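Starting from 1, each residue takes its place in the sequence as its number. Owing to the predicted nature of the structure, the values given are computational and were not obtained by experimental measurement.
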Amino acid sequence: MWDPGGARDVKSKLYIILRFLRMEQTFFSLPMAYLGAFLAIRGIPDLRILILIFFALFFVRIAGMTNDNLADRFIDAKNPRTKTRPLVTGVITVKNAYTLIAIGLVGYFISVYFINIVAFSISPLGALIIMSYPYMKRYTSFANYQIASIQGLSVMAGAIAAIGVHTPIYIIDRIPWFFVFATIFWALGFDLYNHIPDMEYDRENNLHSFATLLGKNALKFAGLNQILSVALAFGGDIVYRLNILSYATTTLHGGIMLAAFLLAYKGNFGKAFYYNIYASVVLAMGIIIDVALGFPAL
């Protein structure tokens, strides 16, 4: 069975750590953070800022994913789909996990500190949302929206990093909110591709998600969220007066999401989940190129 965090074949310690952290999933959030940065200033951010955004997301992902695996290790051990995860098999120890969390959080806060004081002042809130997720899903299905909001926050974080130190009203006005919320609804959709295969297991273990809440209607709910996401993205293209390139890549972004949904409908949740990386890159690159080259608005 598909598991993005499983490691059935022990190839090397580095390979195991990368599977454990699912580092490829950084490409869900990194393109969206850069989208927020470029769009917020309608230009090309300083290279130093772009590098620091990368490191902030890289380190907070280490902390968040390790914490998620640590919190779920006993649950994962009983689930046939997740029983090959490194913390379950012992290839990565609990002590290793705490070390990775410490490295991730320290690296995150240092990176954000060097971005600007505004970003640093709100960075604990971002860390709290990320680190509390594995515990929230023990209490409410809305934990799916919490994990999805992390992707939306990446757009906001990229914008705040690029904008720099200004008044709160100016910063709030420059954040591309249409894409913040478009990203949240998009992420809710693809996050359910992780939960639907575990629906019955999660119910038996009192874990909450919209998959356990909605049952056979969960996939429809995922699709509705993604339709709303595409509508908001097109709204962003209009409100922020973007060029035809952004409209084209938003359309392609929606097409990839549709293809992912059809794969999930056929039961191929693994491939459907990873299609969303392509969707993220396509949407972000269209807007970044549009803004960077200064195409005239439609």
Side-chain angles (χ1 to χ4, degrees), residues 4-5 7 12-37 40 45-74 76 85-137 143 146-165 171 175 180 183 187:
S12 70
K13 188 73 171 185
L14 177 60
Y15 171 82
I16 295 296
I17 291 173
L18 291 175
R19 296 299 305 144
F20 175 72
L21 298 174
R22 301 172 224 175
M23 293 308 300
E24 75 280 1
Q25 293 181 26
T26 303
F27 288 99
F28 287 123
S29 55
L30 184 63
M32 306 313 291
Y34 284 157
L35 178 156
D46 186 84
L47 179 61
R48 181 184 72 87
I49 295 298
L50 294 177
I51 293 172
L52 287 170
I53 289 172
F54 168 80
F55 279 113
L57 290 177
F58 174 79
F59 281 115
V60 81
R61 173 157 200 88
I62 289 175
M65 188 55 66
T66 303
N67 183 59
D68 193 19
N69 280 280
L70 187 64
D72 287 353
R73 66 190 186 279
F74 298 118
D76 290 339
R85 291 186 175 179
L87 258 176
V88 175
T89 61
V91 177
I92 291 178
T93 67
V94 171
K95 184 178 179 180
N96 294 153
Y98 281 120
T99 301
L100 284 169
I101 290 172
I103 290 170
L105 288 176
V106 170
Y108 165 66
F109 285 119
I110 290 175
S111 300
V112 177
Y113 175 81
F114 283 107
I115 290 175
N116 61 57
I117 190 62
V118 177
F120 184 67
S121 67
I122 63 174
S123 60
L125 176 61
L128 177 63
I129 292 171
I130 291 168
M131 301 300 283
S132 63
Y133 162 71
Y135 306 100
M136 289 298 292
K137 65 187 178 184
Q146 180 175 350
I147 194 69
S149 72
I150 294 169
Q151 303 298 332
L153 286 172
S154 66
V155 180
M156 187 171 74
I160 292 171
I163 292 167
V165 180
I171 293 172
I175 292 172
V180 171
T183 303

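Between I92 and L87, the shortest heavy-atom distance links the atoms O-CD2, 3.3 Å. Heavy atoms only, all atoms of each residue included: S121 and P124 are closest at O-CD, 3.7 Å. The two residues T183 and G152 have their closest heavy-atom pair at CG2-N, 3.8 Å. Contact detail for M32 and S154: the closest heavy-atom pair is CB-OG, 3.7 Å. Pairing each heavy atom of V112 with each of A56, the nearest pair is CG2-CB, 4.0 Å. Scanning all heavy atoms of the two residues, the minimum distance from A143 to Y133 falls at O-CE1, 3.4 Å.
Atom OG1 of T66 and atom CG of N96 lie 10.0 Å apart (nearest 0.5 Å). Atom CD1 of I163 sits about 9.0 Å away from atom CG of N116, to the nearest 0.5 Å. Taking CD1 from I122 and CG from L128, the interatomic distance works out to 13.0 Å, rounded to the nearest 0.5 Å. To the nearest 0.5 angstrom, M65 atom CE is 10.0 Å from I130 atom CD1. Atom-to-atom distance recorded for I110:CD1 and F59:CZ is 8.0 Å, nearest 0.5 angstrom. Here the straight-line distance linking atom OG of S29 with atom OH of Y34 works out to 10.5 Å at 0.5 Å rounding.
Not a single donor-acceptor pair under 3.5 Å links the side chain of R61 to the backbone N or O of F58.
By the 4.5 Å heavy-atom criterion applied to side chains, D46 and L50 are not counted as neighbours. Side-chain contact between F54 and L30 is present, with at least one heavy-atom pair separated by less than 4.5 Å. In this structure the side chain of P134 reaches within 4.5 angstrom of the side chain of N67, judged on heavy atoms. The closest side-chain heavy-atom distance from S132 to Q146 is below 4.5 Å.
Using a 4.0 Å cut-off between charged nitrogen and carboxylate oxygen, K137 and D68 count as a salt-bridge pair.
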What side-chain donor-acceptor pairs closer than 3.5 Å can you find for residues 98-109, not counting sequence neighbours?
{"residue": "T99", "atom": "OG1", "partner": "K95", "partner atom": "O", "Å": "3.0"}
{"residue": "Y108", "atom": "OH", "partner": "S123", "partner atom": "O", "Å": "2.9"}

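Looking at residues two or more places apart in sequence or on another chain, you find a side-chain contact (heavy atoms from CB on, under 4.5 Å) between I175 and M156, A159, I160, I171, W177, V180.
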